[in-house]
Colleague: 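Got a structure here, written out as structure tokens. Questions coming.
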Amino acid sequence: MENILYFDINSGISGDMTIASLLDLGVDQDKFLEELKKLKLNGYQLEISKVKKNGITATDFKVILEDDSHPDYKHSHSSDHLHRNFNDIKDLINQSGLGQKVKDLSIKIFEKVAEAEAKVHNKDINQVHFHEVGAVDSIIDIVGAAILIEMLSPDHIYASAVSLGTGFVEAAHGRIPVPAPATIEILKNIPVYSTGVRGELVTPTGAAIITTLAEKFIELPELEIEKIAYGAGKKDFEITNLLRVYQAKKKNKKSLVILETNIDDMSGEIYSYLFPKLLKSGAKDVYLTNIMMKKNRPGQKLSVLTAEKKRKELEEIIYRETTTLGIRRREVERSCLQRKHIDLDSKFGKVTIKAAYYEGELIKYSPEYEECRVIAEKEGLSLKYVFDLLKKEAAEKIF
Ligand SMILES: O=C([S-])c1cc(C(=O)S)c[n+]([C@@H]2O[C@H](COP(=O)(O)O)[C@@H](O)[C@H]2O)c1
Ligand code: NI
């Protein structure tokens, strides 16, 4: 089973909503606050409370800024927002006592905001001065989200498509359109939509956090939901302003890819060269099926089963080594038994026994074919005899 976090972004996302929703999952608040203190940042208080939004109980996370005469809260000319650049923020994070994973994740999130700001304002990433996003509350939101993710340590994080909002919002730059330019820049190539709700549902911080965390933006996949949590948004819109997150389990079904191509004009010798080459390069299985093709030509369907990360390399081999001009591909799910390799001290010496378990129960085992073949040849015995003998020995000595 894999641990999954799924963010349901039906009314947008901001930094404080992310923290609130993750806290609402029930993580140890004291430990979270202890970790945050490792960031050498002063001049703020945190308030974590339960609130009701349209009758739904949610966690609210507030950063309350203290007296702005504090050294950590220097005024800018235009507002009470501190102007830090990306390097200042990186230094602040790197000089903290936080764990390396939290530091790396926090910097990655800030980098997204910096890149987006640089693009929008046509500046170099290190020249960008964060306004709102440089302020204490955004640093807390981003580093806090990284701390909570590290504390929860999910195997995978997924999110829904992102609901954006419309209209205009007051920012340090003036009255800017919703989604804010930095927000929509960060959300390029991510599925987004608008239901026409007036208001800024997604902030640059929220966009940067979720695009850094989520592996995929997908509809809710097949999951067993264990906990449902709500993080409250500060503003009230015509919709309930909540970020919902599911903590769930997913059965360990492996997703693989099948590459297929039909071939009617290739010598058999090529296949005998191709098969070991594909297997050595990461194919999990390679097989042929006899087919009757167009123009009544008998042919072969070549099928190659592989993990997605090996797909491109295997496709290149198929293109270079065969006569095909095109390859079909489709994702397939595979379940598999847990397997163990066990050493057997047999009468022929050490032999590997492959054992297979279904939900922890041993259901089959067999001696390794290659090792049996070598023994059969060396001893002048039939392969079947060696197999049967070793299986019996394994039953007596191991199982
Ligand atoms: O300060 C920055 S980086 C900033 C840039 C932009 C652009 O789109 S450009 C917009 N804003 C607005 O500031 C507030 C706060 O955002 P947080 O991410 O800190 O919550 C929000 O309204 C943004 O649209 C800030
Ligand atoms: Ni900006």
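The shown structure was predicted, so the numbers you read here are calculated from the model rather than taken from an experiment. Hydrogens, waters and symmetry mates play no part in the numbers below; they use all other heavy atoms, side chains included.
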Colleague: Just by distance, with hydrogens left out, do T324 and T261 show a side-chain donor and acceptor under 3.5 Å apart?
Modeller: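 Present: a donor and an acceptor within the cut-off.
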Colleague: Are the side chain of E150 and the backbone of K101 linked by a donor-acceptor contact shorter than 3.5 Å?
Modeller: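 Side chain of E150 to backbone of K101: no pair is present.
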Colleague: Looking only at heavy atoms, which two atoms of G15 and I209 are closest? And how far apart?
Modeller: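 What the structure gives for the nearest pair is CA-CD1, 3.8 Å.
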Colleague: Do the side-chain N and O atoms of N241 and K53 include a donor-acceptor pair separated by under 3.5 angstrom?
Modeller: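 The answer is no; no qualifying pair exists.
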Colleague: Pairs in or reaching into residues 301-316: which pass side chain to side chain donor-acceptor pair (under 3.5 Å), with residues at least two apart or in two chains?
Modeller: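 Only E260-S303, E308-R311, R311-E315, E315-R329, E316-R320 qualify under side chain to side chain donor-acceptor pair (under 3.5 Å).
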Colleague: Let me confirm one number: the CG-OG1 distance from L302 to T322, rounded to the nearest 0.5 Å.
Modeller: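 The OG1 atom of T322 is 7.0 Å from CG of L302, to the nearest 0.5 Å.
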Colleague: Which residue, R334, E333, E331, forms the side-chain hydrogen bond (donor to acceptor under 3.5 Å, both in side chains) with S255?
Modeller: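 Passing option: E331.
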Colleague: Taking atom OH of Y385 as the centre, report whether more than 12 heavy atoms of other residues, nucleotides or ligands fall under 6.0 Å from it.
Modeller: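 No, not enclosed.
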Colleague: With a 3.5 Å distance limit and no angle check, can you tell me whether K250 reaches the backbone of E222 through a side-chain donor-acceptor pair?
Modeller: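 Pair absent, no side-chain N/O of K250 close to backbone of E222.
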Colleague: Can you measure from CG (L65) to OH (Y44) and round to the nearest 0.5 angstrom?
Modeller: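 Here the interatomic distance stands at 10.5 Å.
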Colleague: Distance check, rounded to the nearest 0.5 Å: L213 atom CG versus I109 atom CD1?
Modeller: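 So the CG of L213 and the CD1 of I109 are separated by 5.0 Å.
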Colleague: Above 12 or not: heavy atoms from other molecules or residues under 6.0 Å from NZ of K119?
Modeller: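 No - once you tally the heavy atoms of other residues, nucleotides and ligands closer than 6.0 Å, there are 12 at most.
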Colleague: Please determine whether side chain to side chain contact (heavy atoms under 4.5 Å, CB included) holds for the pair R244 and S21, giving the CA-CA distance in whole Å, both sets of side-chain angles, and the decisive distance to 0.1 Å.
Modeller: CA-CA 7 Å; R244 182 157 57 183; S21 67; over 6 Å; no
Colleague: Could you grab the distance from atom CG of D16 to atom OG1 of T18, nearest 0.5 Å is fine?
Modeller: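 These two atoms lie 7.5 Å from each other.
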Colleague: May I ask you to decide whether K38 forms a salt bridge with E35, counting only side-chain N to carboxylate O separations under 4.0 Å?
Modeller: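 Salt bridge flag = yes for E35 with K38.
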Colleague: Does a salt bridge link K234 with D60, judged by any charged N lying under 4.0 Å from a carboxylate O?
Modeller: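 Yes.
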Colleague: Using a strict cut-off of less than 4.0 Å between a Lys/Arg side-chain nitrogen and an Asp/Glu carboxylate oxygen, indicate whether E111 and K108 qualify as a salt bridge.
Modeller: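 No, this pair does not count.
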Colleague: Measure the spacing between OG1 of T195 and CG of L164 and express it to the nearest 0.5 Å.
Modeller: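 CG of L164 is found 9.0 Å from OG1 of T195.
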Colleague: In terms of heavy-atom contacts, does NZ of K50 have more than 12 from other residues, nucleotides or ligands at under 6.0 Å?
Modeller: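 Enclosed.
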Colleague: Strictly by modelled atom types, are T323 and D265 linked by a side-chain donor-acceptor pair under 3.5 Å?
Modeller: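 A pair is found: one side chain offers a donor N or O, the other an acceptor, under 3.5 Å apart.
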Colleague: Can you tell if the side chain of P181 reaches within under 4.5 Å of the side chain of I176, non-hydrogen atoms only?
Modeller: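 Side-chain contact under 4.5 Å: yes.
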Colleague: Distance-only, no hydrogens or angles: does the Y193 side chain make a donor-acceptor pair with backbone N or O of A161 under 3.5 Å?
Modeller: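 Looks like no, no N/O pair under 3.5 Å.
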Colleague: Between V332 and L305, is any pair of side-chain heavy atoms under 4.5 Å apart?
Modeller: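 Counting from C-beta outward, V332 and L305 do come under 4.5 Å.
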Colleague: Please list all pairs passing the side chain to side chain donor-acceptor pair (under 3.5 Å) test where one or both residues lie in residues 357-371, with sequence neighbours left out.
Modeller: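 Qualifying pairs: T352-E371, E370-R373.
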Colleague: Counting only heavy atoms from other residues, nucleotides and ligands, does the tally under 6.0 Å from CG of N122 exceed 12?
Modeller: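 No - once you tally the heavy atoms of other residues, nucleotides and ligands closer than 6.0 Å, there are 12 at most.
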Colleague: For L390, does its backbone N or O pair with a side-chain atom of S346 as donor and acceptor, under 3.5 Å?
Modeller: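 The answer is no, because no donor-acceptor pair under 3.5 Å joins these two groups.
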Colleague: Just wondering, more than 12 heavy atoms not from E269 lying within 6.0 Å of its CD?
Modeller: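 Open: at most 12 neighbouring heavy atoms sit under 6.0 Å from CD of E269.
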Colleague: Would you sort out whether K284 and L256 count as a side chain to side chain contact (heavy atoms under 4.5 Å, CB included), showing the intermediate values?
Modeller: CA-CA 9 Å; K284 297 203 177 289; L256 297 172; 3.8 Å; yes
Colleague: Under a 4.5 Å cut-off applied to non-hydrogen side-chain atoms, are C372 and L383 in contact?
Modeller: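 In contact.
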Colleague: Using side-chain heavy atoms (C-beta onward) and a distance below 4.5 Å, is V143 in contact with I93?
Modeller: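 Yes, close enough: below the 4.5 Å cut-off.
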Colleague: If we count only N and O atoms by modelled type, under 3.5 Å, do the side chains of N290 and Q300 hold a donor and an acceptor together?
Modeller: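 A pair is found: one side chain offers a donor N or O, the other an acceptor, under 3.5 Å apart.
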Colleague: Between atom OH of Y273 and atom OG of S267, what is the distance when rounded to the nearest 0.5 Å?
Modeller: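 If we round to the nearest 0.5 Å, Y273:OH and S267:OG are 13.5 Å apart.
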Colleague: Does the pair K384/D388 count as a salt bridge with the N-to-O cut at 4.0 Å?
Modeller: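 Looking at D388 together with K384, the answer is yes, because their closest N to O distance falls below 4.0 Å.
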Colleague: Count the heavy atoms belonging to other residues, nucleotides or ligands that lie under 6.0 Å from CZ of R328, then report whether that count exceeds 12.
Modeller: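 Yes, the 6.0 Å shell around CZ holds more than 12 heavy atoms from other groups.
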Colleague: So which heavy atom on I210 is nearest to which on F217, and how close?
Modeller: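 Closest pair (atom of I210, atom of F217, distance): O-CZ, 3.8 Å.
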Colleague: Does a donor on one side chain and an acceptor on the other come within less than 3.5 Å for D8 and N10?
Modeller: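 Yes - a donor-acceptor pair under 3.5 Å links their side chains.
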Colleague: Hey, can you tell me if Y158 and H156 have their rings parallel, tilted or perpendicular (30° and 60° cut-offs)?
Modeller: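 Answer is parallel, since the angle falls under 30°.
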Colleague: Check side chain to side chain donor-acceptor pair (under 3.5 Å) between D28 and all other residues, then give those that pass, not counting sequence neighbours.
Modeller: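 Checked D28 against side chain to side chain donor-acceptor pair (under 3.5 Å); zero matches.
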